[in-house]
Amino acid sequence: MATTDDITSGGIADAPAAAAGDFRVGGELPVHRMGFGAMRLPGASWEGPAHDPARSIEVLRRAVELGVNHIDTAAFYFFEDIAANDLIRKALHPYADDLLIATKVGPGRHPDGSWMDAADPAALREAVHRNLRELGRDHLDLVYLRFMPDDGPLPERFGTLAALREEGLIRHLGLSNTTAEQLARAQEIAPVAAVQNRFSPLRQEDPAMLDLCAAQDIAYVPFFPFGGAGAPDLTALRRVADRHGATPAQITLAWLLHASPTMLAIPGTSSRAHLEENVEAAALRLDAGDLAELTALSQ
Ligand SMILES: NC(=O)c1ccc[n+]([C@@H]2O[C@H](COP(=O)([O-])OP(=O)(O)OC[C@H]3O[C@@H](n4cnc5c(N)ncnc54)[C@H](OP(=O)(O)O)[C@@H]3O)[C@@H](O)[C@H]2O)c1
C-alpha cells in the first residue's frame, strides 16, 4: 500500500495539510491527502457571481503555505473571463517541485459558458494542450477523462490520452464520473492512477469503487465533498462536530479521509477562512462511534 504517514514532501512534512497523511499518486508522486479543488475560484457557480481574482489568488497561495500540494482544476472552470487555470498560474508559477496539479478533459464549455455534447480525440488533444498553455507547464501530472452520459466510445478517447502520455505530455491518467466497468476497460489500455467521482457523507453511493481503488492503490478523489451546495449542517454532523470542538465541514472532510486509505480530499472554496478551516480537518481523528453516526447519514 503506497499510503504512508512518513513521506516527506518538499520540506513541508509538518505543514497542516500533511496531518492527513500522504499518498503516492501512480505509485510515485507523493501528495498530502488534504488537497484543494479550484472550481469555485472563478465564481460561486457556472452562472456566477464572479469572485474577486485577487482574493482567489490569495486563497491559492495560502493553500500552498498550509502544505496543500494537490490542486484539482480544469480548463472548463471559468466564469466569463476569469479562469481557474489562469489564477493557478498567476498565483503559483513557477511551481514548487512537489505540487501536483490535476486536470480534467472531456466535453468542454463554449466561451459563452454552455456545455459541449462530446469530445472527440481531436478535442481531447486540444484540451490537453490548452491546459498545458494555461497552466504554463510542459507536461501535466494527472489528467482525468471525464465522462458525461452518451459522450462517445471509451477506447478511442482514453486511447488518445494514453497516446499523449506516451508522448510525455501526461504523467498519469485518471477517470471521472466513472463506473467499475469503464475502469476495467480503461485499464486494458493504460494504467489508471486516480478516480474522481461524487462522494460525500450525504451521497455514499460509491462504496464498491472506493474498495476497488483501495485494493489497487488507485487514488479516490471525491468531488462535491460537501454535497455540492455548501457545507451541510445536519444534526448528526453537528453532534460529532461538537464532541471534537470542530465544525460540520471539518467533520465531513475527516469522515471522507477515514473512508479509504487512498482517499484524497479536494474541498473547494473561494474563502481564505473556509480554506484554513478545511485544512485544519487534516488533523482530526474520528472514533468508531463517530463513524457509525456519520455512515448512517445517507441510509
Ligand atoms: N469531476 C467532476 O465532475 C467534478 C464536479 C464538481 C467538482 N469537481 C472538483 O471537486 C472539487 C470539490 O467540489 P466543490 O468545491 O464543488 O464541492 P462542494 O461540496 O460543492 O463544496 C464547495 C462549496 O462549499 C462551500 N464551502 C467550502 N468550504 C466550506 C466551509 N468550511 N464552510 C462552509 N462552506 C464551505 C463553498 O463556498 P465558499 O466558496 O463560500 O467557501 C462552496 O459553495 C471542485 O473544486 C472541483 O475541483 C469535480
Side-chain angles (χ1 to χ4, degrees), residues 16 34-52 55-56 58-60 62-63 66 68 70-79 82-85 87-88 100-109 115 119 127 131 135 142-149 151 174-179 182 194-204 206 209 219-234 237-238 241 246-256 263-282 284:
M34 179 59 78
F36 179 80
M39 189 178 84
R40 305 282 173 173
L41 292 176
S45 76
W46 304 125
E47 285 82 39
H51 285 138
D52 174 6
R55 198 177 93 150
S56 293
E58 190 197 312
V59 167
L60 282 162
R62 182 70 181 136
L66 293 171
V68 166
H70 171 207
I71 295 179
D72 184 79
T73 185
F76 45 78
Y77 290 169
F78 64 85
F79 177 67
I82 309 170
N85 282 352
L87 294 168
I88 291 170
L100 187 157
I101 303 178
T103 189
K104 288 160 233 94
V105 295
R109 292 167 72 215
W115 284 95
N131 277 281
L135 291 166
L142 172 60
V143 177
Y144 296 91
L145 177 61
R146 180 169 175 267
F147 293 98
M148 302 285 272
D151 58 357
L175 299 174
S176 179
N177 290 336
T178 195
T179 62
Q182 288 169 328
V195 162
Q196 186 172 136
N197 278 359
R198 183 170 183 159
F199 194 70
S200 73
L202 306 174
R203 291 269 300 257
Q204 302 171 30
D206 219 15
M209 182 63 94
Y220 185 96
V221 185
F223 73 79
F224 286 158
F226 298 127
D233 188 19
L234 303 170
L237 272 174
R238 260 203 316 278
T247 65
Q250 290 175 321
I251 296 299
T252 300
L253 295 173
W255 180 87
L256 283 170
M263 181 82 78
L264 306 183
I266 52 160
T269 179
S270 58
S271 141
R272 182 182 165 122
H274 285 167
L275 165 74
E276 291 174 349
E277 179 183 328
N278 295 344
V279 173
E280 264 180 33
L284 277 172

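Numbering of ligands and ligand atoms starts at 1, following listing order.
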Between L41 and H51, does the side chain to side chain contact (heavy atoms under 4.5 Å, CB included) criterion hold? Intermediate values first, please. CA-CA 7 Å; L41 292 176; H51 285 138; 6.0 Å; no

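With rounding to the nearest 0.5 Å, the separation of OG1 in T269 from CZ in F36 is 6.5 Å. How far NZ of K104 is from CG of D72: 3.5 Å, rounded to the nearest 0.5 Å. A distance of 5.5 Å separates CE of M39 from CH2 of W46, quoted to the nearest 0.5 Å. Taking CG of L175 as the start and OH of Y144 as the end, the distance is 9.5 Å to the nearest 0.5 Å.
The protein heavy atom nearest to atom 19 (O) of ligand 1 is F226 N, 2.7 Å. Counting protein heavy atoms only, atom 46 (C) of ligand 1 is closest to Y77 OH, 3.3 Å. For atom 25 (C) of ligand 1, the closest heavy atom belonging to the protein is G230 CA, 3.9 Å. Atom 12 (C) of ligand 1 has as its closest protein heavy atom I266 O, 3.2 Å. Remark: minimum distance from atom 36 (C) of ligand 1 to any protein heavy atom is reached at G268 O, 3.7 Å. The protein atom (non-hydrogen) at minimum distance from atom 6 (C) of ligand 1 is F223 CD1, 3.5 Å. Protein heavy atom in closest approach to atom 14 (P) of ligand 1: R40 NE, 3.7 Å. Nearest protein heavy-atom neighbour of atom 7 (C) of ligand 1: M39 SD, 3.4 Å.
In the vicinity of D72, heavy-atom distances shorter than 4.0 Å reach the ligand 1 atoms 9 (C), 46 (C), 47 (O). Residue contact check: G227 has heavy atoms under 4.0 Å from atoms 19 (O) of ligand 1. Less than 4.0 angstrom separates some heavy atom of A38 from each of these atoms of ligand 1: 45 (O), 47 (O).
When every heavy atom of P222 is checked against every heavy atom of I266, the shortest pair comes out as O-CG1, 3.8 Å. Nearest heavy-atom pair, P267 versus P225, reported as atom, atom and distance to 0.1 Å: CA-CG, 3.9 Å. When every heavy atom of V279 is checked against every heavy atom of P16, the shortest pair comes out as CG1-CB, 3.8 Å. Contact detail for F79 and E47: the closest heavy-atom pair is CE1-C, 3.4 Å. Here the closest non-hydrogen pair linking V105 and A127 is CG1-CB, 3.5 Å. Heavy-atom minimum distance, N197 versus S176: OD1-C, 3.9 Å.
When non-hydrogen atoms are compared, ligand 1 lies under 4.0 Å from the side chain of N278 (C-beta onward) but not from its backbone. Contact annotation for S200 and ligand 1: no heavy atom of the residue comes within less than 4.0 Å of the ligand. By the criterion of a heavy-atom distance under 4.0 Å, the side chain of N177, and not its backbone, is placed next to ligand 1. Contacts between R146 and ligand 1 below 4.0 angstrom, taking non-hydrogen atoms only, involve the side chain exclusively. Residue S176 touches ligand 1 through its side chain alone, judged by heavy-atom distances below 4.0 Å. Neither the backbone nor the side chain of R198 has any atom closer than 4.0 Å to an atom of ligand 1 (non-hydrogen atoms only).
Checked against a 3.5 angstrom limit, the closest N/O atoms of H51 and ligand 1 fall outside it. Taking only nitrogen or oxygen atoms, main chain and side chain alike, T73 does not reach within less than 3.5 Å of ligand 1. Looking at G228 next to ligand 1, an N or O pair under 3.5 Å apart turns up. Considering backbone and side-chain N/O atoms, H274 comes within less than 3.5 Å of an N/O atom of ligand 1. For the pair A249 and ligand 1, the shortest N or O to N or O distance does not fall below 3.5 Å.
Of the charged side-chain nitrogens involved, none lies within less than 4.0 Å of a carboxylate oxygen, so that E58 and R62 do not count as a salt-bridged pair.
Using bins of under 30°, 30° to 60° and over 60° for the plane-to-plane angle, the ring pair F199/W255 lands in the parallel bin.
Ligand 1 lies out of reach of Y144, whose nearest heavy atom is not under 4.0 Å from it.
With hydrogens and angles ignored, the 3.5 Å screen pairs a side-chain donor or acceptor of R55 with a backbone N or O of S270.
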